[in-house]
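FYI, side chains are in, hydrogens and waters are out, and symmetry mates aren't considered; it's all heavy atoms of this structure. Residue numbering restarts at 1 for every chain, and letters A, B, ... go by the order of the sequence lines.
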There are 2 protein chains.
Amino acid sequence: MATRRVTKLPRNEREAERRKTILRAAVEVFSRKGFQGCRIADVAREAGVAYGLVYHYFKDKDELLGSVFESGWQGFLSRVQAALSHEAGFEARIRSVVHVAFEAYRRDPRGVKVLILEVGRSPSGGAVNRGGAFTSVIELATSIFAEAQARGEMAAHLDPKLAAALLFGSIEMGLTTFVMGLMERRDDVLQRASEQVAETFLRGVVHARPVEGAPVVTPEAIPSEAAPWTSAKSGTKSRAARRD
Amino acid sequence: MATRRVTKLPRNEREAERRKTILRAAVEVFSRKGFQGCRIADVAREAGVAYGLVYHYFKDKDELLGSVFESGWQGFLSRVQAALSHEAGFEARIRSVVHVAFEAYRRDPRGVKVLILEVGRSPSGGAVNRGGAFTSVIELATSIFAEAQARGEMAAHLDPKLAAALLFGSIEMGLTTFVMGLMERRDDVLQRASEQVAETFLRGVVHARPVEGAPVVTPEAIPSEAAPWTSAKSGTKSRAARRD
DNA sequence: TCGCTCGTTGATTTGAGAATCAGCGAACGG
DNA sequence: CCGTTCGCTGATTCTCAAATCAACGAGCGA
């Protein structure tokens, strides 16, 4: 149940507010039950709004997912571009891209989870035009690699497009370990993971260098009650048990 | 429309055959329309079998997906293990794991596509107990890295679990470029991609070495009518337009 | 204050498709 | 050759959630 504005506001602002509330609720619900697994009713309830109102602001369920995707991905993309404009060197750029992704997760794990799990690999015919957006980032990264090769900062025989894919594959899977609860979501752990992803990508597991500062973080046995899917017997009975 | 046995067979064999036919059809249909996006009727039609028969062999839609997953993943896992038992050195092992994955894709792109797109990232509550299986592979790989670190073949400060995740992230995204049609599915391209994935993971993009022999594998141009999912515009209208 | 506009409501309709089931007929034993 | 079994069929039923819509009332201008 998200915040419910009570104070008076001009029509327009109040509406925009509502829209955002629904969008936030959608992210929340999608991240909990998945796009296919949730009902509009869930989103409405989460937003503290009538069922029908969701359809007032969004044409249909797909447009809702599309909007969630759009805002999330747009934010990520612009941060990446901003980061790139600040860094000139090849390695620094790679590091900053990785950093942006991990920072986004630290700030809004729900949102990133939806991006990764729902939109990232939308099942085949998947709703949104993820393909295009995804492709555009790959292309952005591809150009970075091509440039780096031209400058001799990267092995010349590698395919830059594949390199771009591998970079995002590493980032994504790195984040997935957190999304799935394989790793504890704690700032220092995230920090080290981010460094390892960049370092592995740049130098490989054989020659990866320790970060100069080397905080050597406390391993500290993870408490976390075993992740839910660990026991994994469940199985969505297609129809049964959808309520929380 | 899969092969229809006409020659007589003993009851048991004929039944097993049927079951396999349905399973194959399911892979085919899932890879084309996704698990959520297809109907049991599609699978039945593809298998050239009556609607009800699917339910004779599989309890429900979920069990069908589960079986598809099981057989596919099981095959992959056992190949990985076999490959590992043949190779002793750390680098050789990594290379062989990557190779097994790419080889699997070359042999059965449809099947791998389903594994990657449908089961790999099953939307949150996802049907099958993917979590467990997935986790088990990560753990298997984790032990390889831990061992390699003990032997000094891998940088000691890296988290082996994260390293394992990154390895599969790279493999997966590498394959995804083919699944999504970003790269042309041709033997020689696959071959080079496989090498780049392993090489990048081991030495990083900065120091990756060209393959010594540079075999330039027999391209042997695959005929294959352009993959259907290449055009990818679609958009699941929730209800509308699901027929082929 | 009146009454119009339009944001908001939630019960109702609609439709897709999962799962069922009564019965048919091929295969097989006697 | 007959009877029984059970693999197989596909029309029918049932479920569930998306999308609709008629009506309500808060806010606003006159």
Exercise. Of B/Y55 and A/H56, whose closest DNA chain C nucleotide lies nearer the 5' terminus?
Worked result: A/H56
For this session: Specify the separation, in whole Å, of atom NZ of B/K61 and atom P of D/dT15.
Result: 19 Å
Exercise. In whole angstroms, how far is the P atom of D/dC6 from the CZ atom of B/R19?
Worked result: 19 Å
Exercise. Taking CG from B/D42 and P from C/dG17, how many angstroms apart are they, rounded to a whole number?
Worked result: 8 Å
Exercise. Which nucleotide, C/dT8, D/dA18, D/dT9, lies nearest any side-chain atom of B/V49?
Worked result: D/dT9
Exercise. Whole Å only: how far is the OH atom of A/Y51 from the P atom of D/dC21?
Worked result: 14 Å
Exercise. Does the side chain of A/V68 come within less than 4.5 Å of A/V114's, by heavy atoms?
Worked result: yes
Exercise. Are side-chain heavy atoms of A/F76 and A/W73 found at a separation under 4.5 Å?
Worked result: yes
For this session: Whole angstrom is fine here: how far is it from CZ in A/R45 over to P in C/dT8?
Result: 20 Å
For this session: Report yes if some heavy atom in the side chain of B/D42 is under 4.5 Å from a heavy atom in the side chain of B/K33; otherwise report no.
Result: yes
Exercise. Of the nucleotides D/dA18, C/dA19, C/dT8, which has the atom closest to the B/D60 side chain?
Worked result: C/dA19
For this session: For the side chain of A/R39, starting at C-beta, report the closest nucleotide among D/dC8, C/dA18, D/dA18.
Result: D/dA18
Problem set entry | Atom-to-atom span, CD of B/E15 to C1' of D/dT5 - whole angstrom | 12 Å
Exercise. Testing A/R107, A/R192, A/R106 for salt bridge (Lys or Arg N to Asp or Glu O under 4.0 Å) with A/D187, which one passes?
Worked result: A/R106
Exercise. Is the Lys NZ or Arg CZ of A/K61 less than 6.0 Å from the centre of A/F35's six-membered ring, within 45° of the axis?
Worked result: yes
Exercise. Is the shortest side-chain N/O distance from A/R18 to OP1 or OP2 of C/dG7 below 4.0 Å?
Worked result: no
For this session: Would you mind classifying the nucleic acid contact of B/F58 as base, sugar-phosphate or nothing, using non-hydrogen atoms under 4.0 angstrom?
Result: nothing
Exercise. A/A50 side chain: which of D/dT9, C/dT9, D/dA18 is closest?
Worked result: C/dT9
For this session: Identify whether any heavy atom of A/L53 sits under 4.0 Å from a base atom; if not, whether one sits that close to sugar-phosphate; answer base, sugar-phosphate or nothing.
Result: base
Problem set entry | Minimum-distance nucleotide to A/Y57 side chain [options: C/dG7, C/dT8, C/dA19] | C/dT8
Exercise. Rounded to the Å, how far apart are A/Q36 CD and C/dA18 C1'?
Worked result: 15 Å
Seminar exercise, completed: Taken to the nearest whole Å, CD1/A/I40 to P/C/dT14 is 20 Å
